[in-house]
Visitor: 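The structure follows.
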Amino acid sequence: MDTQRKDLSYFRLRLQELLNISFPEKTNDQKFIEQRSSWAANAYEGAFSSGNTIEQCSEIANYILFENLYFSRFDTVFQVVCNEFDTIMADEELQPFALKMFPVCTPVFSRYELTDDFAYSYEFDLLYTEITGTISIWIQKHGLQ
């Protein structure tokens with residue numbers, strides 16, 4: 001039981017770290033975090049009991065832990081802010097500004113089918129351009145405050 005708690009804590013911390021960085025909208029979803037962490041820990045334990053290597057067990061657990069979390073809407077907004085608006089604000093202002101723009105840009109994402117490999121599609125370029133325009137319009141209306 002102690003080992004399972006340790007595994008669960010490990011997976012919870014890994015997931016929480018990813019959510020803090022790339023999925024701010026899920027950071028406080030404790031039910032999601034507990035459920036995913038538990039599933040990953042159970043999958044790891046089951047895979048290990050079935051004779052899989054440590055690497056295979058980790059791969060199985062990570063698949064469950066990070067399922068549908070490979071494409072981040074926030075990372076996309078942050079990427080646009082860093083690439084397109086970095087000359088008009090200081091480096092330390094980029095992430096806070098991206099967090100501010102995230103809800104402004106959220107409606108743009110609803111026009112796209114976001115899959116784990118979306119960042120490698122042609123449509124990503126269209127999304128990137130749309131987000132750049134949305135942020136530009138917002139800055140023109142509101143300034144950088």
Side-chain angles (χ1 to χ4, degrees), residues 1-86 89-139 142 144-145:
M1 187 66 146
D2 192 32
T3 303
Q4 187 169 3
R5 257 192 233 121
K6 191 183 299 182
D7 290 344
L8 185 58
S9 175
Y10 168 78
F11 290 115
R12 184 181 303 117
L13 288 171
R14 288 198 62 214
L15 181 58
Q16 188 70 59
E17 179 181 26
L18 175 68
L19 297 180
N20 290 343
I21 294 168
S22 298
F23 295 89
E25 73 277 15
K26 291 186 181 293
T27 298
N28 296 317
D29 189 344
Q30 292 305 311
K31 182 179 178 184
F32 174 78
I33 294 166
E34 292 298 321
Q35 188 175 51
R36 279 290 179 93
S37 302
S38 178
W39 289 350
N42 290 336
Y44 185 94
E45 186 178 324
F48 187 77
S49 296
S50 297
N52 289 287
T53 66
I54 299 294
E55 292 80 20
Q56 290 169 323
C57 296
S58 293
E59 188 176 314
I60 291 165
N62 286 340
Y63 177 80
I64 290 168
L65 190 64
F66 301 125
E67 184 177 14
N68 295 323
L69 295 175
Y70 292 102
F71 179 79
S72 165
R73 295 179 300 158
F74 175 73
D75 285 349
T76 303
V77 172
F78 185 57
Q79 179 183 4
V80 169
V81 168
C82 288
N83 292 344
E84 307 300 330
F85 302 98
D86 63 323
M89 64 186 85
D91 287 349
E92 63 272 4
E93 296 173 324
L94 294 171
Q95 186 181 30
F97 185 73
L99 283 167
K100 187 179 196 174
M101 290 297 95
F102 184 62
V104 172
C105 296
T106 297
V108 176
F109 290 99
S110 66
R111 296 182 212 131
Y112 297 89
E113 185 178 335
L114 304 175
T115 60
D116 282 344
D117 60 351
F118 181 78
Y120 308 106
S121 71
Y122 167 75
E123 284 188 313
F124 178 78
D125 296 336
L126 298 174
L127 172 67
Y128 185 98
T129 302
E130 243 186 291
I131 290 174
T132 302
T134 299
I135 294 172
S136 293
I137 291 167
W138 191 93
I139 291 171
H142 304 282
L144 287 174
Q145 306 87 339

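These values consider heavy atoms only, across backbone and side chains, with no hydrogens, waters or symmetry-generated copies.
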Visitor: Atom CD1 of I64 and atom CH2 of W39: how far apart are they, to the nearest 0.5 Å?
Guide: 9.0 Å
Visitor: Name the orientation class of the two ring planes belonging to W138 and F97 (parallel below 30°, tilted from 30 to 60°, perpendicular beyond 60°).
Guide: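 Rings of W138 and F97: perpendicular, over 60°.
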Visitor: Is any side-chain heavy atom of D91 closer than 4.5 Å to one of L94?
Guide: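 A side-chain contact under 4.5 Å exists here.
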Visitor: Could you give me the CA-CA distance, side-chain angles and deciding distance for D117 and T115, then say whether side-chain hydrogen bond (donor to acceptor under 3.5 Å, both in side chains) is met?
Guide: CA-CA 5 Å; D117 60 351; T115 60; 2.7 Å; yes
Visitor: side-chain contact (heavy atoms from CB on, under 4.5 Å) between S136 and F85: does it pass, once the steps are laid out?
Guide: CA-CA 9 Å; S136 293; F85 302 98; 3.4 Å; yes
Visitor: Working to the nearest 0.5 angstrom, can you tell me the gap between S22 OG and F66 CZ?
Guide: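 Between S22 OG and F66 CZ, I get 10.5 Å after rounding to 0.5 Å.
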Visitor: How far does CZ of R36 sit from CG of D29, to the nearest 0.5 angstrom?
Guide: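 R36 CZ to D29 CG: 10.5 Å, rounded to 0.5 Å.
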Visitor: Please answer whether the main-chain N or O of T27 pairs with a side-chain N or O of Q16 as donor and acceptor at a distance below 3.5 Å.
Guide: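 Yes; judged by distance alone, with no hydrogens or angles, the pair exists.
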Visitor: Specify whether F71 and F118 have parallel, tilted or perpendicular ring planes, treating 30° as the upper limit for parallel and 60° as the lower limit for perpendicular.
Guide: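 Answer is perpendicular, since the angle exceeds 60°.
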Visitor: So, for A47 and C57, which heavy atoms are closest and what is the spacing to 0.1 Å?
Guide: C-SG, 3.6 Å
Visitor: Using only atom types and a distance under 3.5 Å, with no angle test, would you say the side chain of E93 pairs donor to acceptor with the backbone of A90?
Guide: yes
Visitor: Report, as yes or no, whether the 6.0 Å neighbourhood of atom OH on Y70 holds more than 12 heavy atoms from other residues, nucleotides or ligands.
Guide: yes
Visitor: Y44 pairs by side chain to side chain contact (heavy atoms under 4.5 Å, CB included) with which of I54, I60, N52?
Guide: I54
Visitor: Using the side-chain hydrogen bond (donor to acceptor under 3.5 Å, both in side chains) rule, take Q79 and T76 through it: C-alpha gap first, then chi angles, then the decisive distance, then the call.
Guide: CA-CA 5 Å; Q79 179 183 4; T76 303; 5.2 Å; no
Visitor: Just checking Q30: does its CD atom have more than 12 heavy atoms from other residues, nucleotides or ligands closer to it than 6.0 angstrom?
Guide: yes
Visitor: What do you reckon, is CD of Q35 surrounded by more than 12 foreign heavy atoms closer than 6.0 Å?
Guide: yes
Visitor: Starting at CG of L15, measure out to CG of L69 and round the result to the nearest 0.5 Å.
Guide: 6.5 Å
Visitor: Tell me, do S72 and F78 make a side-chain contact under 4.5 Å, heavy atoms counted?
Guide: no
Visitor: How far does OH of Y10 sit from OG of S37, to the nearest 0.5 angstrom?
Guide: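 These two atoms lie 11.5 Å from each other.
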Visitor: E25 and R73: side-chain contact (heavy atoms from CB on, under 4.5 Å), yes or no, with the steps?
Guide: CA-CA 10 Å; E25 73 277 15; R73 295 179 300 158; 3.3 Å; yes
Visitor: Going by heavy atoms in the side chains, are D86 and V81 under 4.5 Å from each other?
Guide: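 They are not in side-chain contact.
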Visitor: Does a side-chain heavy-atom distance below 4.5 Å link L99 with F74?
Guide: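 They are in contact (side-chain heavy atoms under 4.5 Å apart), so the answer is yes.
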Visitor: Determine the minimum heavy-atom distance between V77 and A98, stating which atoms define it.
Guide: CG1-O, 3.7 Å
Visitor: Where does the angle between the aromatic ring planes of F124 and Y128 fall among parallel (under 30°), tilted (30 to 60°) and perpendicular (over 60°)?
Guide: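 Plane angle between 30° and 60°, so tilted.
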Visitor: The test is side-chain contact (heavy atoms from CB on, under 4.5 Å); show your working for Y112 and L126 and say whether it passes.
Guide: CA-CA 10 Å; Y112 297 89; L126 298 174; 3.6 Å; yes
Visitor: How long is the span from the CZ atom in R14 to the CD1 atom in I33, to the nearest 0.5 Å?
Guide: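 Taking CZ in R14 and CD1 in I33, the distance rounds to 14.5 Å.
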Visitor: Is there a side-chain contact (heavy atoms from CB on, under 4.5 Å) between L127 and V108? Walk through the geometry before answering.
Guide: CA-CA 7 Å; L127 172 67; V108 176; 3.7 Å; yes
